[in-house]
Every structure is written in C-alpha cells, then in structure tokens.
Amino acid sequence: MHSFLPIGLIRGASLALTAQLLAACGGGADSGTQSPTPSSTTQSSTSSVVISSSVASSSSVVVTPSSTVSSSSSITPSSAMSSSVVMSSSSAMTSSSEALPVCTVAANGVAYCQQGDLTDADENGVKDGWGWENDASCIVLHGAGDVPPGNCRIDTPETGGGTSPDHIMYNGEKVYLSGFNVAWLDFAADFGAGFNEAKLREALVDVSSSGGNSLRWWLHTDGSKSPEWGDVNGVQQVVGTGGTTIADLQKALDIAAEYNVYIVPALWSFDMLLDNSFRKTPTQNNYQLLSNDDVLQSYLDNALVPMVKALNKHPQLIAWELFNEPENMTETWFRERMEFYGGPIPTKAQLQRTQAKMAAAIHREAIANGEVALVTTGSKSMGKYNSDVAGGSNWYSDEALIAAADGDMQATLDFYEPHYYNNEGRNGAWSPFHHKADYWGVNKPIVVGEFYVKEALDVLGDKVDKEDLCKRLADYGYAGGWPWQWNENASGLKECISRVP
C-alpha cells in the first residue's frame, strides 16, 4: 500500500508537529533547530505522526492533524502495518514569525532535510565525506546523527507519471548509451597538451569488445590546463580554449570513429573550486566564471562556442556534458574539505544560470551551423536534483533553466544524466536500479552517468548483482548508463556492459 500526504494537510500541520517529525528523522539538539517541549504545547487537541514498519519491510508516515482535517479525510495506517510509534503534538499554531524547521515533509510524504555534512555516516558509522545522507527515505539533518535503521521508512509510488524515453535520438536514430567513464587518463590534463593515445585505444577496445558504444571523458575538469585565461582591461577573463584542446579532442574523436564509439566530453567538474599545489587550479577565476556574467560570457565566446563550431559536427561527439556534479559546490561538506580554496561558493541560482547560458550557447551555435547538438549535465543525484517526486527538486527542468537564462528558449537540456552512489539516497530511496525511469516524473531520457559496479546493490529487499547493474538500467527504461570508472575497474565494467541487451 502506498501512502500520500495531501498538500492541504501538510500546509495545515503545525510547526510543533513538523518539529516532532524532525526529531523522528534524526533532528534534535544537534540540529540547530529548537523543537517545542511537551510542557510548552497545548494538550487540548492533538495531531499524530505515525511511523510504521510494515511486515513487507516497507512502511508509511501518516500525519493526521485533527485541527485541520475532518475524520472522514484523515489518513490512517494500513492494517497490514505493525510496530507503530505514535507521537502527539499540539494543534495550536506557532507564531507565523517563527522560523520553520529545516526538516519538513514533501507533498508525497517523504520526510527530508536540505543539508548534510561530514558528521553524517553510513550504516556502519563510517564518515564517508559526501555530506547529505539518507536512512531509508528519511534524510538526516545537518549535524545530526544517523537515524536508527528502519525508522522513517516510507512507501513510494511505483511511478511518478513520467514519460522518460528509453533512448536518446541522434542523427535520426534511437541510441541507448552503453559504455563507461574513462573519466580521465591523466586527471585534468588530458586535453590541452596532448593525450595518451595508447591508453585511449585500450579503453576503446574494452568498450567496443564488450558491446558498448560510448565513453564519458572529462575535459576542463578543474581548469588547470584549459581554458586559457588572460588579462582583459585589468580583469581576468577567458581568452582561448587553451593549448591544443580542440586539436586533442578532434584527434580523440577521429580515433573513436575507428571503433564506432561515441565520446561525451564533460566540460567542468566541482573540482574547479579545489586547490591543487601541483596543477595550479585557477580557483579564483573559476569562481568568477560561475558568478560574473561578463566572465562567463568570455568563456562562452572564446572557448565554448569555438569548440562547438569546430567539433560538434563530428559524428562521434554525441553530446556535450556541462558539469560533473556541480551541486557539490553548494553542500556543506564541500567547504570542509582540506582542498577547498577558501573563497565564496556559487549559489543554486548561479549554477543554474551558468549551465543555462552554456546550454543555450551550444544549441545556438549548432543551429547556426545547420547542426543538432545534444546537451546534458552530470547531476549528483536523480532523486535530489533532477526530480520533484522523491524529496528533492529538479534544478534542471526546462522552466527552471529558461528562467535562469532570462527567458532564452535554447537554455534546456536534451537528456538528464544523474549519478548514483548508495551514500546518496541510502537504502535505495533514490536508486535508479530500484525505481523505473517513469518513477521520477520527468519527460526526458535519463542516462545514469556514474555508479559503482564493485559489489552488489542490496537495498529495498531487491538485491542486484554487480554484473547486472547495467542491464537493470536497460530493463527499467533508462536511456543508458556509464559505470565508474575504467582506470579502477576495467574488468568489472566490461562484464557489466556486456550484459546489456
């Protein structure tokens, strides 16, 4: 049985009720949010939060605020559920000027929080450093401990009503993108000063002999090799593509054609705001690119558009990826990394605008040349950043990006490319391997751009062997998948993609 919370019911719930839900989801003294104490609440009328574990190892959060919903419209637990915990809270409304707790309830009933940090650990107590953590469907509040296993587990719908195609269209053909991440032969240095042709050919042999058709390969990465920066009227701006970048990518595409393999260049990564003593990452310049329209325009005019003009027509360049996990730069854990450059970080709005402007520039240049360009971005998580149905929000909808680019209708993505690691949406809440493509409620193709094939993924009572993870994406209606990564696990990647139908 699937449980949903009506939006009107959620809006009518008191802050006291939300705060108790926060406590159930791992909030409390460490969270920085004050929850009302029992003595401070009025007991004349109560609302209930019921957190139940069902016998089928799925469960529901049921909220029944008596002051806002009549008995006929209340949601009650399924009779199949057991081990209920019921908590009462006051129906008296807190002053409207009081700040809302950070942890709240999404319209589909998912309890979630917006922050995470290095204190969040996995089920074994290991601090993995990736920030936003999730126990079942309850995402742990910033600074709070993990939720005990089994708490805050919520049923999710089998489908969010999406119409995501199981392919992308390229040159009039349906293409399922099966392959893997290179993602680099020499981190941040593959383009601009030549690349290791022998290693590229080795990767191409591996992907093609395993039945794959594509490689995802990082280009600028942190900007230490490309693009080229220079002083323009006393301001650092992008003045060129950087060294032999275009020639290198042209040569790589020509070699890929020999093996009938596509390449997707991933332009930037969140590494652009991380210091590196031996690569001299231009972090200050990179931040200006993310936050200053004039600097961004210099990149578009002097690097991105020239690359598109020179390379988009190549039949092996199937798509342009704007960023690798840009959202990391907005999360708390990122600023706590030793390598963090120590300056300001971009806002959500700035990241949306940067990528929207880049997408529009790519599309517009391709159209001017009588070509079609496919554009995507490598978001950190489908559930968190590409969808509105599972507690996150879609930063990259057409509406969001067009608005971010001042109404530019070319500022859209052609397909989504989320990543999945089991520290993001722990126990399967955001797993594409356990939710079909239409679950996410989007109408664009979804290519899962990164995931491990080092071990089985055993969540939600559905164990998927590591060798079958690539096939599972095809079976579940996705448009492709690139496991991580060739330099670390070539044999595992080949076995995985060889099983894709």
Side-chain angles (χ1 to χ4, degrees), residues 162-165 168-170 219-220 227 237-238 264-270 272 286-309 311-313 317-330 346-382 384-388 392-418 440-447 449 479:
T163 55
S164 179
I168 66 168
M169 294 298 299
Y170 184 63
L219 197 149
H220 301 313
Q237 294 193 350
V238 174
V264 177
L267 298 173
W268 290 98
S269 176
F270 65 87
M272 68 194 302
N286 290 341
Y287 173 72
Q288 291 301 314
L289 187 151
L290 298 171
S291 60
N292 183 310
D293 277 357
D294 290 340
V295 178
L296 172 61
Q297 194 63 48
S298 74
Y299 169 70
L300 302 180
D301 293 343
N302 300 319
L304 184 56
V305 168
M307 287 192 294
V308 175
K309 184 175 183 178
L311 300 166
N312 185 72
K313 60 182 173 288
L317 198 158
I318 195 168
W320 298 86
E321 180 185 324
L322 307 176
F323 268 84
N324 170 66
E325 301 183 4
E327 311 87 9
N328 280 335
M329 290 184 281
T330 69
T347 64
K348 171 185 175 181
Q350 288 170 335
L351 287 178
Q352 287 174 312
R353 184 171 180 81
T354 299
Q355 293 173 91
K357 291 277 195 176
M358 289 171 66
I362 293 171
H363 283 139
R364 188 163 285 107
E365 180 62 24
I367 291 169
N369 297 325
E371 302 163 4
V372 173
L374 299 182
V375 180
T376 189
T377 203
S379 71
K380 182 177 182 178
S381 164
M382 187 72 204
K384 187 174 181 181
Y385 293 119
N386 278 132
S387 173
D388 298 321
S393 63
N394 189 355
W395 288 23
Y396 304 105
S397 67
D398 288 354
E399 295 78 9
L401 292 183
I402 289 170
D406 304 321
D408 192 332
M409 299 302 288
Q410 297 300 327
T412 60
L413 302 182
D414 297 285
F415 62 93
Y416 293 133
E417 191 232 298
W440 305 108
V442 299
N443 61 2
K444 295 181 186 289
I446 303 169
V447 177

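All values derive from a computational prediction rather than experimental measurement.
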Engineer: Identify the two heavy atoms, one from Leu401 and one from Tyr396, that lie closest to each other, and give their separation to 0.1 Å.
Structural biologist: CD1-O, 3.9 Å
Engineer: Give the C-alpha distance, both sets of side-chain angles, the deciding distance and a yes or no for side chain to side chain contact (heavy atoms under 4.5 Å, CB included) between Leu322 and Thr354.
Structural biologist: CA-CA 9 Å; Leu322 307 176; Thr354 299; over 6 Å; no
Engineer: Provide the closest heavy-atom pair for Val238 versus Ser298 in the form atom of the first, atom of the second, distance.
Structural biologist: N-OG, 3.0 Å
Engineer: Suppose we screen for side-chain contact (heavy atoms from CB on, under 4.5 Å). Which residues come up paired with Gln288, at least two apart in sequence or across chains?
Structural biologist: Ser291, Asn292, Val295
Engineer: Test side chain to side chain contact (heavy atoms under 4.5 Å, CB included) on Met169 and Val372 and set out the steps.
Structural biologist: CA-CA 10 Å; Met169 294 298 299; Val372 173; over 6 Å; no
Engineer: To the nearest 0.5 Å, what is the distance between CD1 (Ile168) and CD1 (Ile318)?
Structural biologist: 4.0 Å
Engineer: Rounded to the nearest 0.5 Å, what's the gap from CG on Asn443 to OG on Ser164? Could you check?
Structural biologist: 8.0 Å
Engineer: For Trp440, which residues count as a ring pair (Phe, Tyr, Trp, His ring centres under 6.0 Å) partner, sequence neighbours excluded?
Structural biologist: His435
Engineer: Report yes or no: does Gln352 contribute a side-chain atom to a donor-acceptor pair with the main-chain N or O of Ala404 at less than 3.5 Å?
Structural biologist: no
Engineer: Check whether any side-chain heavy atom of Asn386 sits under 4.5 Å from a side-chain heavy atom of Lys444, and report yes or no.
Structural biologist: no
Engineer: Can you check whether Asn302 reaches Gln237 side chain to side chain, under 4.5 Å on heavy atoms?
Structural biologist: no
Engineer: Tell me the closest heavy-atom pair linking Thr412 and Met409, and the distance in Å.
Structural biologist: CG2-O, 4.0 Å
Engineer: Any non-hydrogen side-chain atom of Val442 less than 4.5 Å from a side-chain atom of Met382?
Structural biologist: yes
Engineer: Quick test of your reading: applying salt bridge (charged side-chain N to carboxylate O under 4.0 Å, His left out), list the pairs with at least one residue in residues 294-309, sequence neighbours left out, ordered by first then second residue.
Structural biologist: none
Engineer: Specify the closest pair of heavy atoms between Tyr416 and Asn394, including all atoms of both residues, with the distance to one decimal.
Structural biologist: OH-ND2, 3.0 Å
Engineer: With sequence neighbours left out, what residues match Tyr299 under ring pair (Phe, Tyr, Trp, His ring centres under 6.0 Å)?
Structural biologist: His220, Trp268
Engineer: List the atom of Ala356, the atom of Ala411, and the distance in Å for their closest heavy-atom pair.
Structural biologist: O-CB, 3.3 Å
Engineer: So Tyr385 and Thr377, side chain to side chain contact (heavy atoms under 4.5 Å, CB included) or not? Walk me through it.
Structural biologist: CA-CA 11 Å; Tyr385 293 119; Thr377 203; over 6 Å; no
Engineer: Does any part of the side chain of Val447, heavy atoms only, come nearer than 4.5 Å to the side chain of Val264, both counted from C-beta?
Structural biologist: no
Engineer: Can you list everything that forms a ring pair (Phe, Tyr, Trp, His ring centres under 6.0 Å) with His363? Sequence neighbours excluded, please.
Structural biologist: none
Engineer: Measure across Thr330 and Lys348 and return the closest heavy-atom pair with its distance rounded to 0.1 Å.
Structural biologist: CG2-N, 4.4 Å
Engineer: Report the distance from atom CG of Leu289 to atom CE of Met272, rounding to the nearest 0.5 Å.
Structural biologist: 5.5 Å
Engineer: Do Asn369 and Asn312 have side chains that get closer than 4.5 Å, going by heavy atoms?
Structural biologist: no
Engineer: Calculate, to the nearest 0.5 Å, the distance between atoms CE and CG belonging to Met307 and Leu219 respectively.
Structural biologist: 5.5 Å
Engineer: To the nearest 0.5 Å, what is the distance between CG on Asp414 and OG1 on Thr376?
Structural biologist: 8.0 Å
Engineer: Just how far is it from atom CD of Gln410 to atom CD of Glu365, taken to the nearest 0.5 Å?
Structural biologist: 12.0 Å
Engineer: Would you sort out whether Leu267 and Leu304 count as a side chain to side chain contact (heavy atoms under 4.5 Å, CB included), showing the intermediate values?
Structural biologist: CA-CA 9 Å; Leu267 298 173; Leu304 184 56; 3.7 Å; yes
Engineer: Less than 4.5 Å apart, side chain to side chain, heavy atoms only: is that true for Gln355 and Ser379?
Structural biologist: no
Engineer: Going by the rule salt bridge (Lys or Arg N to Asp or Glu O under 4.0 Å), which residues pair with Asp293 if we only count those two or more places apart in sequence or in a different chain?
Structural biologist: Arg353
